[in-house]
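What follows is one structure encoded as C-alpha cells, with my remarks underneath.
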Amino acid sequence: MMSIAGVIGAALFVGSGKQIALAGPAVILAYIGGGLLVILVMRMLGEMAVAQPDTGSFSTYADRAIGRWAGFTIGWLYWYFWALLMGWEAYVAGQILHSWFPFVPDWGYALIVTVSLIAVNFMNVRNYGEFEFWFALVKVGAIVVFLVVGSLAIMHLWPWGQARGASQLTAQGFMPNGIKSVVVALLGVMFAFIGAEIVTVAAAESANPAKEIIKTIKSVVWRICLFYVGSIFIVVCLVPYNDPMLVQPTHGSYNAALSMLGIPYAQAIVNFVVLTSVCSCFNSALYTASRMLYSLSRRGDAHRIMQTTGRRTGAPYVGVLVSSVFAFAAIWMMATSTMDLYDVLMQATGTIALFVYLAIACSQLRMRYRLQAEGVELKFKMWLFPWLTYAVIVCIIAALATMIVEGTYRTEVTYTSALAGVIVAMGIAAQRLGIGQRAHHESTMAPQAGATLERSQA
C-alpha cells in the first residue's frame, strides 16, 4: 500500500488539470510516455534492490556503483525534495481544513497535521504502516469509484449530469496544440510519478525484502496504467480540455469531471480526498526522508546522531525531527504571510525526479557488470540489458536538454542543477578530506547492516 500511495498524490487529483489544458486529449500520450519511463527505472532499481536490500536504496547503490560523491549527492537531493515537499503538503492541508472550519487559522491546522504525523513516525514501523494503509485505501478507493462512474458515463449508462460518451476525446482535435505541447506536458508529468521508488526503501524493513520488492515492482505496470492513464483517459473523454475549471488550483481535473457528471458536493468530495492524499504524502515523505538520513549517516555522509533509533520502536526519531524542519518553516511562513518565499525553494525540486532516475540507470548499468563479473546470480533482472538501460539514460538527458531549450521548465532545471552542483562539491570535499571515511568504509564492508538492524526492530 505504501508503493501505491507513493505514486498517488495531489498532482493527480488537481495538478493534472494543467497538463490536460496544455496538451488536450493527447495528454494521454504524455502519461503513457512518463509511465513507461518509470516502469523501466523501477525495473532497474528492483534488480539492485533485490540483490542488495538497503534503506538507502538508490543512494546506496549510486555510492557503490559510481562513487561516494554520487551517493552523497543523490541522497541529499532526495532528502531535500521530500523534506521540502512536506512543508507544501502541510500548507495544502491547512488551507483545506481552514476552508471547512475557519475559526482556526490555516497555519494552526498545518501545525496540528505536522505534529500528529511526526508522532505517527515515532511509532514502530508496523504501526506506522497501519496508518499509511488506511491513508492509501481512501485514495485508491476514490480512484476506483471514479473509474467505475466515469466508465458508466462513457458507455452512456450514467443517468445524471452533462457528460456522455467519449465525445470530448476528439471534439476539438486529439492534439489541438500540436506535438510540442505534448512534449512539454510529458516533462510536467514526470513530477507526478516520483514516489514509486519508496517501496525499495520500505521493503528493506520487511521480513522478506526480495520477495516484497519483486511483487511490488511487477505491479507497477498495472498501477500506473489504472490509476494514472485510466483516470486521465476518463477525464479527457468527459471534460473539454479548455474548461476553465481544469486550471484553477482550487478545482482541478477530478472536480471538473465530477461536476460534469452531476455529482453533488463535488468540490467537498475532492477536497476530502486531496486532504487524505496530502496527509498520506506527508506521512510517506517523512518516513522516506528520515530513512535516507539514517542511511547517509551510516555511510558517514551525515552526522552520526541521525542513526539514533528508539529502543522500543526502532524508528530513527532524530532523523524524523530533522526532516521536519521545512514543514515548520512553512508553518512559520503561513503565519507571517510570507509563503511566497517557499515557492522559490520549491523551484529547486522541479527536476530532482529526473536526476534520481538518471542516477538509478547509471548505477544499474555499472552494478550489473560488476555483479556478473563476481558471478552473482540475479533473481530479478532488467529487460534487454544493456540496451534499454542506455535508452533510458539517453531519454533522461534529452528531457533535461529539452527543458532548457524549450524554456517552460528552464528555471526548475537551473535551480535544481545549481543545488546539485553545490551538493556534488560538498560530496567531493568530504571524500577528499576523509570526512566520515571510517563510517563509510564500515558501511561498504557490511552493506546489509542497516537493513538488518531495522528489520529486526520491525
Side-chain angles (χ1 to χ4, degrees), residues 3-4 6-9 11-46 140 143-144 146-147 150-151 154 166 168-197 216-239 241 246 252-254 257 351 353-354 356-358 360-361 382-384 387-389 391-400 402-403 406 408-409:
S3 63
I4 293 174
V7 179
I8 305 170
L12 172 61
F13 299 111
V14 180
S16 57
K18 294 182 179 179
Q19 308 306 328
I20 296 172
L22 173 65
V27 74
I28 297 171
L29 301 178
Y31 276 94
I32 291 174
L36 179 60
L37 179 63
V38 172
I39 289 168
L40 295 176
V41 168
M42 288 298 293
R43 186 80 185 189
M44 288 185 279
L45 180 57
V140 172
I143 294 178
V144 170
F146 179 77
L147 290 173
S151 298
I154 290 175
Q168 299 302 330
L169 192 62
T170 55
Q172 302 174 70
F174 180 70
M175 197 180 294
N177 297 324
I179 188 65
K180 180 182 177 181
S181 65
V182 178
V183 174
V184 176
L186 172 61
L187 302 176
V189 163
M190 292 311 305
F191 180 85
F193 283 123
I194 191 168
E197 66 287 337
T216 309
I217 296 295
K218 287 182 177 179
S219 71
V220 165
V221 177
W222 69 261
R223 283 191 282 120
I224 288 177
C225 291
L226 180 65
F227 296 140
Y228 272 91
V229 179
S231 59
I232 295 301
F233 174 77
I234 286 176
V235 172
V236 298
C237 283
L238 302 177
V239 182
Y241 84 94
L246 289 173
S253 54
Y254 267 56
T351 54
L354 290 177
V356 169
Y357 295 158
L358 184 61
I360 291 172
M382 173 60 178
W383 303 301
L384 299 177
W387 308 114
L388 274 182
T389 301
V392 168
I393 292 173
V394 170
C395 286
I396 293 174
I397 294 175
L400 291 169
T402 302
M403 286 179 169
E406 192 276 332
T408 303
Y409 296 100

(message) Do Val184 and Tyr409 make a side-chain contact, defined as non-hydrogen atoms from C-beta onward lying under 4.5 Å apart?
(response) yes
(message) Under the side-chain hydrogen bond (donor to acceptor under 3.5 Å, both in side chains) definition, can you give me all pairs with a residue in residues 16-31, not counting sequence neighbours?
(response) Ser16-Ser253
(message) Is there a side-chain contact between Leu238 and Ile154 in this structure, where contact means two heavy atoms from C-beta onward sitting under 4.5 Å apart?
(response) yes
(request) Rounded to the nearest 0.5 Å, what's the gap from CD1 on Ile232 to CG on Leu29? Could you check? (result) 13.0 Å
(message) How long is the straight-line distance from CD1 of Ile360 back to CG of Leu45, given to the nearest 0.5 Å?
(response) 4.5 Å
(request) Check whether any side-chain heavy atom of Ile143 sits under 4.5 Å from a side-chain heavy atom of Leu12, and report yes or no. (result) yes
(request) Measure across Ala185 and Ala23 and return the closest heavy-atom pair with its distance rounded to 0.1 Å. (result) CB-CB, 4.0 Å
(message) Against Val392, only a single residue in Ile396, Val394, Leu388, Thr389 fulfils side chain to side chain contact (heavy atoms under 4.5 Å, CB included); can you say which?
(response) Ile396
(message) Counting C-beta onward and ignoring hydrogens, is there a side-chain heavy-atom pair between Val236 and Val27 closer than 4.5 Å?
(response) yes
(request) Report the residues that fulfil side-chain hydrogen bond (donor to acceptor under 3.5 Å, both in side chains) with Ser231, sequence neighbours left out, ordered by chain and then residue number. (result) none
(message) Could you check whether any side-chain heavy atom of Leu147 comes within less than 4.5 Å of a side-chain heavy atom of Ile234, counting everything from C-beta outward?
(response) yes
(message) Distance check, rounded to the nearest 0.5 Å: Met175 atom CE versus Lys180 atom NZ?
(response) 14.5 Å
(message) Once ring-ring contact (aromatic ring centres under 6.0 Å, His included) is applied, do any residues pair with Tyr254, and if so which ones, sequence neighbours excluded?
(response) Phe13, Phe146
(request) Could you grab the distance from atom SG of Cys395 to atom CG of Leu36, nearest 0.5 Å is fine? (result) 8.5 Å
(message) Looking at every non-hydrogen atom in both residues, tell me the closest pair between Asn177 and Ala21 and how far apart they are.
(response) ND2-O, 3.8 Å
(request) Measure the spacing between CE of Met382 and CE of Met44 and express it to the nearest 0.5 Å. (result) 4.5 Å
(message) Run Leu40 and Trp383 through side chain to side chain contact (heavy atoms under 4.5 Å, CB included) and show every step you take.
(response) CA-CA 8 Å; Leu40 295 176; Trp383 303 301; 3.9 Å; yes
(message) How long is the straight-line distance from OG1 of Thr351 back to CG of Leu358, given to the nearest 0.5 Å?
(response) 11.0 Å
(request) Determine, stepwise, if the pair Ile28 / Leu169 fulfils side chain to side chain contact (heavy atoms under 4.5 Å, CB included). (result) CA-CA 10 Å; Ile28 297 171; Leu169 192 62; 4.1 Å; yes
(request) Would you mind telling me which of Leu354, Thr408, Val183 makes a side chain to side chain contact (heavy atoms under 4.5 Å, CB included) with Met403? (result) Leu354
(request) Give the C-alpha distance, both sets of side-chain angles, the deciding distance and a yes or no for side chain to side chain contact (heavy atoms under 4.5 Å, CB included) between Val38 and Tyr357. (result) CA-CA 8 Å; Val38 172; Tyr357 295 158; 3.9 Å; yes
(message) Determine whether Tyr241 and Gln168 satisfy the following criterion, side chain to side chain contact (heavy atoms under 4.5 Å, CB included), listing intermediate values before the conclusion.
(response) CA-CA 8 Å; Tyr241 84 94; Gln168 299 302 330; over 6 Å; no
(request) State, to 0.1 Å, how close Ala26 and Val182 come at their nearest heavy-atom pair, and which atoms those are. (result) CB-CG2, 3.7 Å
